[in-house]
2 protein chains.
Amino acid sequence: MAHVNTLFMASSRKARLYGGMDADERRTERRLKLIDAAIEVYGEVGYPSATVKAICEAAELTERYFYESFANSEALLIAAYNHVVGHLHEEMTAAAAAAGHDAEARLHAALTLYFTRLKEHPKPARVFLLEISGISPAVDAVKLDAGRVFSDILVPPVLDAKHGDRGAAATLLSTGMVGAVISIALRWVSKQYPQTVEDVVAIAASFCRVALTEADRRRDLRLR
Amino acid sequence: MAHVNTLFMASSRKARLYGGMDADERRTERRLKLIDAAIEVYGEVGYPSATVKAICEAAELTERYFYESFANSEALLIAAYNHVVGHLHEEMTAAAAAAGHDAEARLHAALTLYFTRLKEHPKPARVFLLEISGISPAVDAVKLDAGRVFSDILVPPVLDAKHGDRGAAATLLSTGMVGAVISIALRWVSKQYPQTVEDVVAIAASFCRVALTEADRRRDLRLR
DNA sequence: GTTATCTGACAATAAGGATTGTCAATTTTG
DNA sequence: CAAAATTGACAATCCTTATTGTCAGATAAC
């Protein structure tokens with residue numbers, strides 16, 4: 001029994017090392033490289049024109065490794081999107097939390113972080129924070145979810161036992177708020193940042209404030 | 001000299017009639033049919049998946065006529081977009097004008113018309129009033145221009161000899177406003193109109209009001 | 001070293017669609 | 001009716017890209 005079929009090697013035992021890395025580690029690394037390359041390429045030519053080949057070249061990997069990590073282009077798009085947006089959202093949440101309990105202060109902190117990052121990383125910005133639509137229902141769903149998260153960070157939904165789901169009007173208010181912020185960001189980025197972060201934040205904040213105060217006003221009306 | 005080369009027929013003389021129509025008229029009619037068909041197909045499968053063939057079938061014309069009127073798919077997209085949006089913008093302008101001089105009344109009138117039309121014509125709505133981005137620079141430019149027109153209708157720019165171009169901040173405010181309205185519209189349409197037109201208009205208007213009052217406030221600050 | 005595994009380059013295949021070309025049938029003109 | 005113009009159907013071609021497959025060379029394990 002000196003020879004053991006690799007198929008029976010439980011995941012507990014490590015696979016052969018290459019370049020000092022586990023098989024799993026190598027796969028994960030390649031996956032990462034592909035995601036980074038995708039962001040780069042999307043930023044240059046846009047997702048629709050980004051071919052698998054071009055992304056693989058940018059990642060310095062061959063197509064074989066593309067299909068090792070992703071079923072198709074769309075899967076990579078989604079992974080890349082979640083990568084960028086997930087990261088950003090975490091940071092925004094942290095920034096808001098650090099700003100304390102005042103709604104205005106939290107809003108300001110989160111938006112400042114958002115626009116600061118946008119200015120630091122134009123490529124991911126252009127592609128992901130902005131427009132991926134009409135690709136497929138799956139992608140749209142991902143985007144929709146990201147919008148919801150974004151909205152919740154800026155204006156945390158009021159927890160209300162009686163109204164588990166916020167009202168339909170509140171949803172439209174959130175939608176409008178996110179739409180406004182993202183549109184502003186898109187233009188700001190594509191015009192190469194003509195205003196200071198501070199100025200853009202102030203403008204974006206004014207739209208968020210509407211969503212905030214309108215939601216309050218409407219809730220008061222309902223509960224009165 | 002009984003026979004005259006058709007190449008020398010000046011455009012003043014009419015070409016042979018078919019179905020009671022001039023050659024030019026027939027071409028224009030086919031062009032129109034293609035645009036209508038495109039709107040239909042885009043609304044069903046989205047622009048990226050809309051093939052030339054499918055559009056031609058919907059138009060009951062063959063590919064030959066596609067290339068008679070359009071250089072490529074993108075040209076048709078732009079034509080269709082301008083067709084729908086141009087029409088809508090005209091109507092909105094008229095509605096605003098009919099509402100008189102009060103800014104609030106004009107805003108309400110224009111938005112009401114906008115959302116009413118959206119509800120009446122879901123297909124064009126979904127495709128055009130919302131998202132065509134990342135297709136190409138040309139298409140993006142068209143969309144950008146449409147956004148500007150849209151904004152000017154909702155909140156006519158103050159004519160100011162001293163400040164021929166409105167301030168950069170005002171541009172971002174317009175951008176945010178349009179983004180908010182369009183995002184709201186997108187969700188409203190895709191959720192199959194859960195609110196009344198009146199309610200949606202009220203919510204959209206609250207975002208427009210920000211743009212309006214903020215712009216005023218900023219101008220006052222500058223001129224004080 | 002020898003063997004098993006992994007990697008990189010690239011060929012082969014497949015699929016889908018755009019664009020152009022052909023031609024018989026139809027319609028108008030005279 | 002005969003001739004010319006126009007139309008509709010469809011084939012042929014051309015391209016681009018995704019996806020799979022092959023294989024020689026490199027690397028690690030023993």
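We name chains A, B, ... by the order of the sequence lines, and we start the count at 1 in each one. Values in this document were obtained by computation on a predicted structure and should not be read as measured data.
- Taking the nucleotide of DNA chain D with the nearest heavy atom to each of Val52(A) and Arg64(A), the more 5' of the two is matched to Val52(A).
- Regarding Tyr65(A), its OH atom lies at a distance of 9 Å from the P atom of dC6(C), rounded to whole Å.
- In this structure, CD of Glu29(B) is placed 11 Å from P of dG8(D), rounded to the nearest angstrom.
- Looking at heavy-atom distances under 4.0 Å, Arg27(B) makes no contact with the nucleic acid at all.
- Residue Tyr67(B) places no side-chain N or O under 4.0 Å from the OP1 or OP2 atom of dT20(C).
- A salt bridge does not link Arg31(B) with Glu68(B): none of the charged nitrogens is closer than 4.0 Å to a carboxylate oxygen.
- Between Gly20(B) and Thr51(B), the one whose closest nucleotide on DNA chain C sits nearer the 5' end is Thr51(B).
- Using a 4.0 Å cut-off between a side-chain N of Lys or Arg and a carboxylate O of Asp or Glu, Glu29(A) and Arg26(A) do not qualify as a salt bridge.
- Residues Ile78(A) and Val142(A) share a closest heavy-atom pair of CG2-CG2, 3.8 Å.
- Asn72(B) has its CG atom 16 Å from the C1' atom of dT16(D), to the nearest Å.
- Each of Gly19(A) and Glu63(B) lies near DNA chain D, and the nucleotide nearest Glu63(B) is the one positioned closer to the 5' end.
- Between Asp140(B) and Lys143(B), no side-chain nitrogen of the basic residue sits less than 4.0 Å from a carboxylate oxygen of the acidic one, so the salt-bridge criterion is not met.
- Following rounding to the nearest Å, Glu74(A) (CD) and dT19(D) (P) show an atom-to-atom distance of 11 Å.
- Each of dT7(D), dA18(D), dA9(D) was ranked by its minimum atom distance to the side chain of Thr62(B); first place goes to dA9(D).
- Distance, Arg30(A) CZ to dG8(C) C1': 11 Å, rounded to whole Å.
- Side-chain atoms of Tyr18(B) and base atoms of dT7(D) include no donor and acceptor less than 3.5 Å apart.
- If you take CD of Glu25(B) and C1' of dT6(D), they are 16 Å apart, rounded to a whole angstrom.
- Ranking dA28(D), dG8(D), dG8(C) by closeness to the Arg16(A) side chain, first place goes to dA28(D).
- Protein atom CD1 of Ile55(A) is 12 Å distant from nucleotide atom C1' of dA18(D), rounded to whole Å.
- Remark: Arg27(A) engages Asp24(A) in a salt bridge, criterion side-chain N to carboxylate O under 4.0 Å.
- The distance between atom CD of Glu68(A) and atom P of dT19(D), rounded to the nearest whole Å, is 16 Å.
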